[in-house]
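Everything on this sheet refers to the single structure shown next.
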Amino acid sequence: MENLLENLNKEQLEAVKTTQGPLLILAGAGSGKTRVLTTRIAYMIKNGVKPWNILAVTFTNKAAREMKERIGKILGEDTVKYMWVGTFHGICGRILRENIDKYNTATGKNLDKNFTIYDDLDTNQIITRIIKKLNLDEKQYQTKLVKSIISNAKNKMQDAYAFATRARDFKSQKIAAIFEEYEKSLNNNNAIDFDDMLLLTVKLLEQNEEVRTKYYERFTHILVDEYQDTNIAQYQLVNMLYTGMKPDIPQERSLCVVGDVDQSIYSWRGADFKIIMNFQHDYKNVKLIKLEQNYRSTGNILNAANNVIENNNERVEKVLYSNKGEGEKLSYYIAADETDEANYIIRNIRQNAHGNYNNFAVLYRTNNQSRKIEEACMGAGIPYRIYGSTKFYDRAEVKNVLAYLKLINNTDDSQSLRRIINVPKRAIGETTVKHLSDFANEQDISLFEAIKICDEYSEFNAKTCAKLKDFASLIHKFQQAQNTCSLKDFMTLVIEKTGYLSELQEKAISDPEIEDDINNLQELVNVAQDFVPEEQDNQLSEFLQQVALVSDLDSMNEESNNVTLMTLHAAKGLEFPTVFIAGLDEGIFPSQRNINSMNPSELEEERRLMYVGITRAKEKLYLVSAKRRQMWGEYKYYNPSRFIEEIPSNLIESFESDNDYSTREESTFRSAVTRAKSNYSRSSISTDSDGYVRPSSGFGANFVAPSKRGLSTSTVKRTPPKSIIIKSAANKAKAQKPLSFDGYSAIERMKEERKLRLAQEQSEAQKREEALRGNAVITEVYDVGQRVFHSQMGLGHITDVMHLGESVMYTIDFGKLGKKAMDAAYAKLKKL
DNA sequence: AGAACTAAAGTTTTT
DNA sequence: CTTTAGTTCT
């Protein structure tokens, strides 16, 4: 026990020991709130609170997982497993799976426990279909817009009916009509959307006293992290569980919320930081504790953060302080363009990483900004991992298999049925589905039910009907097989017995890219194998739900040695020794949209995002902007972000690219003005006393990204789980020999091959690693003019040689394919 | 029914 | 510029 409370400061200790009543912890960035939360839970358990009485809500799955791990280390795994630790959505999903049959819907058609959770794509398709069906102008009623209106309404606990009663103008009324249809559609599919998870749980608890009491009595101690990012539905849920809708709250119950108004960055999805500001009014005798000591960042970084956030009006006064000393100054680099920006960042990482790439993060405002930085990483052979963007579960082949599972789990899920009824090809085309859909509408039943009685429909001939029924009986067979084997084996069965795998294998012979799809399916099977259910029954349903709620971010792994690339939003809650904030241009960050906005609070949210970004850095913060960027094929010119100006200039060292694009061709040209400004000459790059690389000449402009070919599939392959990246050469070799399809063996064989490939990749990665650490000696440095051969690019000649610290960069002219910059250590060049 | 082409939209941020 | 959805052609 003494151990447990060791090294806590006064405020932290008080927070840990306050285990009754409502507690509000205002925790600044890096003030050790996660530690407080986990210690507080452990403290309560050691003082007699039962683990099943604890409910801890986090913002991301990753945070939940980490919290479980940390508590597990203190109290042991078997204690943690009785606690409910998860995201709002995860917890609501669990409550709904247990009780959704007791919820009375507006349509009177109740949902059952095998309900499907529709993702973004599903809801988009449904809404688009409805807009068409209602003959509305698709320009005025854009799917995206309608969806966000519906989502916002749900976040405010308004259902279709509540929305309709509020709709005054014509357009709102039309949207209300879409909303109503949409709800009907979800209902008919026995499906719910993301927002419904919260909305329905609150309504269920409201409606049903028995269910409400069950959870009220169970969860006597509730903790909520990132409370500044809760929306009204989430607020009501917490309130309902804490008070049980009773007028008086027994003192031995506790509700502990932790948050930081300055880090509220999700208002666009309904979050409202006024909720945290009202906490003291919501409950009697609220204890308030402020954590202002920062244990993460140096003085200069905190100082910058404090100065930026001070420009906001809507906040609770709070000043972070640190005892880490001033530390290094911030660096600010004005790049010539986005390529220069990326190269500046990568050059710095290369110089300072010494092999430890996980010390670095590059943060940006929008996902698309990752592209140039990714290209630069590839070109320099720096290992990186992009979070966000394309997700594993968004891939068509993965979605197809999941659609089968969803349909097996819930045959009313017509959305999934539509997706896979002709995958693999079963000669069931558009027309047939259209007829089936009309028939289902007519009868007010799901597509699957319609198949069962399709011979009653005049549009169908016997042949079509037979094909449909074959499909239905396949699904039935799967349903019977479902509980006879493990989830992993069941998924394998589905992939194979549907004929999907053999179809892909067939295609892979002529198109090696398809091999990736097969590997992704293998990876999906692996996910199923690793799945640990919370409850014993209804595993398929639970698995599907878990899959619906995971994000790319959750797969983050601190141990892997790569540079982290992510949006500022995704970085919340994380920390890195060195952080780069890229794209600090007026119009990029803050985004143009929020500069133009009528509502000044939207600009304040951008500023909070900047605050979040700055406070991610522990030791060194780099800020980067660019004078011009390519947008939709055209160059746009930008001014530095206002947030730069909000940082006192004495905290920053500034550098500017001397690359002015009127002189793009002569990259060695340096203007006298810039030279005077930066005070660093080209030769000083590797000799800086403090060890940091200084931007110098127009290296950036001359640094051409890897060939299109190298990146051509980048959007598809950008962020596959690391285990499924495969070399195209291996693909081709595999595609040559036809794969037989006999039971499980095909997939087992795939597994073997995958293992081999993995081992190969690992050894390659190791080699690169060693090379980067300087173990590999570059034996010979070629001269300008040397003719060389590159395995991918072919013949070329060296036009420029640059020495950057320990490494050597060549600029190589490959003729038609253009000039490329390559690192001597990785390019594997052959001298001719 | 499926491939191949064409037009239009897109860049906030995500559970 | 890139990606996607939709359309036309075979």
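Keep in mind the model is a prediction, meaning the values are calculated, not measured. Chain naming here is simple, since letters A, B, ... match the order of the sequence lines and numbering starts at 1 in each.
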What integer distance in Å separates Glu605(A):CD from dT14(B):P?
12 Å

Which one, dT14(B), dT2(C), dT15(B), comes nearest to the side chain of Phe194(A)?
dT15(B)

Atom pair distance, as rounded to whole Å: CD1 in Ile117(A) and P in dT15(B)
14 Å

Does the structure place the NZ or CZ of Lys572(A) under 6.0 Å from the centre of the six-membered ring of Phe59(A), at an angle of no more than 45° from the ring's axis?
yes

When the nearest nucleotide of DNA chain B is assigned to Val550(A) and to Glu430(A) on a heavy-atom basis, which residue is associated with the more 5' position?
Glu430(A)

For dG10(B), does OP1 or OP2 lie under 4.0 Å from any side-chain N or O of Asn368(A)?
no

Once you round it to whole Å, what is the distance between P of dT15(B) and CD1 of Ile91(A)?
15 Å

Asp585(A) CG to dT11(B) P, straight-line distance once rounded to whole Å:
19 Å

Of the listed nucleotides dG2(B), dT3(C), dT14(B), the one nearest the side chain of Ala570(A)
dT14(B)

Looking only at side-chain atoms of Thr87(A), point me to the closest of dT13(B), dT14(B), dT15(B).
dT15(B)

Return no unless some side-chain N or O of Thr567(A) is found under 4.0 Å from OP1 or OP2 of dT14(B).
yes

Flag if over 12 foreign heavy atoms under 6.0 Å of NZ, Lys133(A)
no

I want to check one thing: is the phosphate of dT11(B), taken as OP1 and OP2, less than 4.0 Å away from some side-chain N or O of Lys636(A)?
no

Which pair of heavy atoms, one from Phe194(A) and one from Asp119(A), lies closest together, and at what distance?
CE1-CA, 4.4 Å

Send over the distance from Asp120(A) CG to dA5(C) C1', rounded to a whole Å.
17 Å

Check the geometry between Tyr266(A) and dT13(B) and answer yes if their rings are stacked (centres below 5.5 Å, planes below 30°), otherwise no.
no

Send over the distance from Asp193(A) CG to dT14(B) C1', rounded to a whole Å.
14 Å

Please work out which of the three classes, parallel, tilted or perpendicular, describes the rings of Tyr215(A) and Phe219(A), given edges at 30° and 60°.
parallel

Indicate whether OP1 or OP2 belonging to dA3(B) is found under 4.0 Å from a side-chain N or O atom of Lys507(A).
no

If you compare every side-chain N and O of Thr431(A) against the phosphate oxygens of dA1(B) (OP1, OP2), does one of them come in below 4.0 Å?
yes

Which atoms form the tightest heavy-atom contact between Lys469(A) and Cys454(A), and what is the distance?
CE-SG, 4.0 Å

Just call it for Lys154(A): base, sugar-phosphate, or nothing, with non-hydrogen atoms closer than 4.0 Å on any strand.
nothing

Mind checking who dT10(C) pairs with, Watson-Crick or G-U wobble, both distances under 3.5 Å?
dA1(B)

Taking the six-membered ring of Tyr387(A), is NZ or CZ of Arg385(A) closer than 6.0 Å to its centre and within 45° of its axis?
yes

Nearest-angstrom distance from the residue atom OH of Tyr393(A) to P of dT15(B):
14 Å

Spacing of Lys572(A) atom NZ relative to dT15(B) atom C1', expressed in whole Å
12 Å

With respect to the phosphate group of dA5(C), does any side-chain polar atom (N or O) of Asn124(A) fall under 4.0 Å of OP1 or OP2?
no

What's Phe59(A) touching, base or sugar-phosphate or nothing? Going by heavy atoms closer than 4.0 Å.
sugar-phosphate

Between Trp632(A) and Ile265(A), the residue closer to the 5' end of DNA chain B by nearest nucleotide is Trp632(A)

Looking at every strand, decide which applies to Met197(A) at a 4.0 Å heavy-atom threshold: base, sugar-phosphate, or nothing.
nothing

OP1 or OP2 of dG2(B) under 4.0 Å from side-chain N/O of Asn422(A)
yes

Considering only dG10(B), dT13(B), dT2(C), which nucleotide approaches the side chain of Gln142(A) most closely?
dG10(B)

